[in-house]
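Written out below as structure tokens is the structure these notes cover.
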Number of protein chains: 2
Amino acid sequence: MPFGEYRYAVDDKGRVIVPPAFRDLVEDGMVITRGMEGCLYVFPMSAWDRIEQRLEQLPLTDREARDFVRFFYSGAAKAKLDAAGRVTLPPTLREFAQAQGGVIVAGAPNRLEVWSEERWNANLDRVTQEPPSPDLLRELVG
Amino acid sequence: MPFGEYRYAVDDKGRVIVPPAFRDLVEDGMVITRGMEGCLYVFPMSAWDRIEQRLEQLPLTDREARDFVRFFYSGAAKAKLDAAGRVTLPPTLREFAQAQGGVIVAGAPNRLEVWSEERWNANLDRVTQEPPSPDLLRELVG
DNA sequence: CCACACTTTCCCACGAATTCCCACGCAACT
DNA sequence: AGTTGCGTGGGAATTCGTGGGAAAGTGTGG
């Protein structure tokens, strides 16, 4: 999966650019749904299929599992690229992520994330001021 | 990995020189991402591959891990040398590191670091006035 | 069941930013 | 003094981001 961080504008119709580097990954469709920390997750179709299989196996007896399914599965929407390399975010999800004006589209393992610019910056500032634990850092960077 | 400290100018297009001694290390591409203390890390492709594998294995259930991935992985950008031995820093990273005008490119274990001149000097002053702990120093220098 | 209005989807177009390539001047070394 | 490598800048072609208009689809009310 590619990575990178890009800033785009959401237009009046709720359309957002998919960064060029990601286009071929989602050319046969993608699924957009709610994500953690108030962002949106965008999965390529193949990645979503695996997730869907696991979601269907969750026990219906567990309240937490039911809530999670509602959050994740019920909120999901199929989408595909238009000729200009954009996707239209459904109104519900647009509101959830407060995706108006400037948004950040970021590559992450297994998915893309769409953030309102304000939330992205706030989160990043927090992380910058509270650096990751030395253990985590050492394990990764060496 | 070579070492050394070099001062270059970032031009209007966001391009920075890669010191000649490092060019063959990054000739098959490099990855630039956010670093600690507000600098940028530049990894040769081989070093990045190891980091990427570990990042992709971090648990998505952990808030700190998610934020860390966003900091390191989402912020990252592939880049390659131009014919004159430079790289273009993406706007996002340029802003993060405040890389305008004079920058310091420094060799570090496993990577290169790119600093705004002001931050580099400020950090150096701080280290000079608060030297590392005797234990650390002894362990390293003997 | 039909008509109307609104929303969504598809397509086209243009300005802006990026990328690639080439060129110059300085410095050091032969 | 010539030559080579290096740091810096600029121009042109291409890609990219963004907006708008027309057509198709959807839901509502009569």
Side-chain angles (χ1 to χ4, degrees), chain A residues 2-32 40 42 75-96 99-107 112 114-117 120, chain B residues 2-32 40 42 75-96 99-107 112 114-117 120:
Chain A
F3 38 82
E5 177 188 334
Y6 309 84
R7 193 200 167 279
Y8 298 117
V10 179
D11 62 24
D12 297 343
K13 297 178 181 175
R15 296 178 295 189
V16 194
I17 302 260
V18 172
F22 295 85
R23 301 227 174 115
D24 47 347
L25 275 164
V26 296
E27 67 182 354
D28 42 299
M30 67 197 111
V31 172
I32 313 171
L40 300 178
V42 181
K78 275 203 185 84
K80 59 183 212 289
L81 288 178
D82 70 7
R86 295 172 291 193
V87 273
T88 302
L89 303 177
T92 316
L93 292 175
R94 222 182 302 162
E95 193 184 354
F96 172 81
Q100 317 128 10
V103 293
I104 304 294
V105 179
L112 281 165
V114 180
W115 287 73
S116 99
E117 200 174 11
W120 176 264
Chain B
F3 39 84
E5 175 190 335
Y6 309 84
R7 192 198 169 280
Y8 298 116
V10 180
D11 63 24
D12 296 344
K13 296 179 180 175
R15 296 177 295 190
V16 194
I17 302 261
V18 172
F22 294 87
R23 298 223 176 119
D24 48 346
L25 276 163
V26 295
E27 67 182 354
D28 42 299
M30 67 198 111
V31 172
I32 314 171
L40 300 178
V42 181
K78 277 204 184 83
K80 59 183 212 289
L81 289 178
D82 70 7
R86 294 172 292 193
V87 274
T88 302
L89 303 177
T92 316
L93 292 175
R94 223 181 302 163
E95 192 184 354
F96 172 81
Q100 317 129 10
V103 293
I104 304 295
V105 180
L112 281 165
V114 180
W115 288 75
S116 97
E117 203 173 8
W120 176 264

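Computed from coordinates, the B/Arg86 CZ to C/dA23 P distance equals 14 Å when rounded to whole Å. Atoms CZ (A/Arg7) and P (D/dC16) sit 19 Å apart, rounded to a whole Å. Nucleotide D/dT8 holds its C1' atom 18 Å from the OH atom of B/Tyr6, rounded to whole Å. Between the NZ atom of B/Lys78 and the P atom of C/dT19 there is a distance of 15 Å, given to the nearest Å. Look at CG on B/Asp12: it is 8 Å from P on D/dG9, rounded to the nearest Å. Rounded to whole angstrom, the span from the CG atom of A/Leu81 across to the P atom of D/dC16 amounts to 13 Å. Distance, A/Asp11 CG to C/dA13 C1': 15 Å, rounded to whole Å. Rounding to whole angstrom units, CD1 of residue B/Ile17 and C1' of D/dG5 are separated by 12 Å.
At a threshold of 4.5 Å between non-hydrogen side-chain atoms, the residues B/Pro90 and A/Tyr6 do not count as touching. Looking at heavy atoms from C-beta onward, B/Glu117 lies in side-chain contact with B/Ile104 at the 4.5 angstrom threshold. Side-chain contact between A/Val105 and A/Ile17 is absent, with no heavy atoms from C-beta onward closer than 4.5 Å. A heavy-atom distance below 4.5 Å is not found between the side chains of A/Leu112 and A/Met30.
With hydrogens and angles left out, the side chain of A/Arg15 and the base of D/dG17 share no donor-acceptor pair within 3.5 Å.
Residue A/Arg23 is classed as a sugar-phosphate contact, given heavy-atom separations below 4.0 Å to backbone atoms only. Within 4.0 Å of A/Ala9, counting heavy atoms only, lie sugar-phosphate atoms of the nucleic acid but no base atom.
For C/dC20, the OP1/OP2 oxygens have no side-chain nitrogen or oxygen of B/Lys13 closer than 4.0 Å.
Of the two residues near DNA chain C, B/Ala83 and B/Pro91, the one whose nearest nucleotide lies more 5' is B/Pro91.
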